[in-house]
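Data block below; observations after.
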Amino acid sequence: MDALDRQIIAALRANGRATYADLGRQVGLSASAVHERVGKLESSGVIVGYHAVVDPSAVGLGVTALIGIHPTDIADDNEVADALSELVEVESCYRVAGDESFIVKVRVATVDDLERSLGRLRRIPGVARTRTTVVLSTRFEGRPNTGDEESDVT
């Protein structure tokens, strides 16, 4: 993957509906060259899909929570993850280091729905307890990061 591939990825992350001609104009290549590169990025697993970004509140999902899941001593992480994937309100699931095994992002309509979701989560075999953080506002989310930027961390 070279700098042009990274530019194509960044452009697609900004607008997944861009045509190959649009992408070509942005990165200085022909549409056919961009088409070939995008095909290679897809077949190699760099680009794994395309989706619409939806405002959760606009579809009635006004409550977002991050829930840490503490396992039991005999929990099987794969079984817990499989059970979590069955809950439609679980949008993302991260395996993490530390006291918690997983952190999940849940989106629901109301706080009452969140309470019901927590009840379902706690009944999953292998879940000892949960720790919930309710999101008050989202400053940014899903920000494109192609790994191309250098940081000024000192």
Side-chain angles (χ1 to χ4, degrees), residues 1-18 23 27 34 36-154:
M1 197 165 70
D2 62 15
L4 282 173
D5 290 332
R6 289 185 190 284
Q7 289 178 353
I8 291 168
I9 291 167
L12 283 170
R13 290 193 73 179
N15 179 8
R17 296 181 67 167
L23 294 170
V27 302
V34 170
E36 183 178 329
R37 282 178 175 261
V38 169
K40 287 179 181 177
L41 290 167
E42 290 170 345
S43 64
S44 67
V46 173
I47 296 175
V48 296
Y50 301 87
H51 66 278
V53 178
V54 177
D55 177 357
S57 294
V59 294
L61 300 175
V63 177
T64 302
L66 304 174
I67 303 169
I69 298 173
H70 295 261
T72 62
D73 290 338
I74 58 170
D76 181 294
D77 286 343
N78 291 328
E79 290 176 7
V80 172
D82 288 344
L84 290 168
S85 73
E86 296 295 318
L87 301 176
V88 296
E89 62 269 36
V90 174
E91 183 177 289
S92 303
C93 177
Y94 306 97
R95 174 77 169 96
V96 297
D99 293 337
E100 299 163 335
S101 287
F102 298 97
I103 294 178
V104 296
K105 179 167 64 171
V106 169
R107 290 197 199 264
V108 293
T110 66
V111 174
D112 289 339
D113 291 333
L114 177 59
E115 184 176 11
R116 284 187 284 280
S117 294
L118 287 168
R120 285 191 293 277
L121 280 167
R122 291 180 184 129
R123 286 191 296 276
I124 293 174
V127 173
R129 68 185 193 281
T130 60
R131 182 190 51 83
T132 303
T133 302
V134 175
V135 175
L136 299 177
S137 66
T138 301
R139 302 305 170 127
F140 61 87
E141 184 173 54
R143 182 171 62 173
N145 178 357
T146 59
D148 200 26
E149 309 295 321
E150 293 196 23
S151 65
D152 293 329
V153 178
T154 54

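Being a predicted model, the structure only gives us computed values, none of them experimental.
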What's the spacing between Leu4 CG and Leu23 CG if we round to 0.5 Å?
12.0 Å
Taking C-beta and beyond as the side chain, do Val27 and Arg37 meet within less than 4.5 Å on heavy atoms?
no
Surrounding CD of Glu115 (heavy atoms of other residues, nucleotides or ligands, distance under 6.0 Å), is the total greater than 12?
no
Validation: residues 44-53 side-chain donor-acceptor distances under 3.5 Å, sequence neighbours left out:
unit_1, atom_1, unit_2, atom_2, d
Ser44, OG, Lys40, O, 2.9
Ser44, OG, Leu41, O, 3.3
Tyr50, OH, Glu42, OE2, 2.6

Minimal non-hydrogen separation, Val80 against Pro125, with atom names:
CG2-O, 3.6 Å
One should read off an interatomic distance between Leu84 CG and Arg120 CZ, to the nearest 0.5 angstrom, of 12.0 Å
Does any part of the side chain of Val38, heavy atoms only, come nearer than 4.5 Å to the side chain of Leu12, both counted from C-beta?
yes
Hey, what do you get for CG (Leu121) to CD (Glu89), rounding to the nearest 0.5 Å?
6.5 Å
Under 6.0 Å from the CG atom of Asp99, do we count more than 12 heavy atoms belonging to anything else shown?
no
Excluding sequence neighbours, so at least two apart, what forms salt bridge (charged side-chain N to carboxylate O under 4.0 Å, His left out) with Arg116?
Asp113
Distance in Å, Glu100 CD paired with Thr130 OG1, rounded so as to fall on 0.5 Å steps
9.5 Å
For Val108 and Val106 the tightest heavy-atom approach is CG1-CG1, 3.8 Å
Quick one: do Val134 and Val111 satisfy side chain to side chain contact (heavy atoms under 4.5 Å, CB included)? Show the steps, please.
CA-CA 9 Å; Val134 175; Val111 174; over 6 Å; no
For residues 59-72, dump all side-chain donor-acceptor pairs below 3.5 Å to protein atoms at least two apart in sequence or in another chain.
unit_1, atom_1, unit_2, atom_2, d
Thr64, OG1, Arg107, NH1, 2.9
His70, ND1, Arg129, NH2, 3.4
Thr72, OG1, Ala75, N, 3.2

To the nearest 0.5 Å, how far apart are CG in Asn78 and CZ in Arg95?
9.0 Å
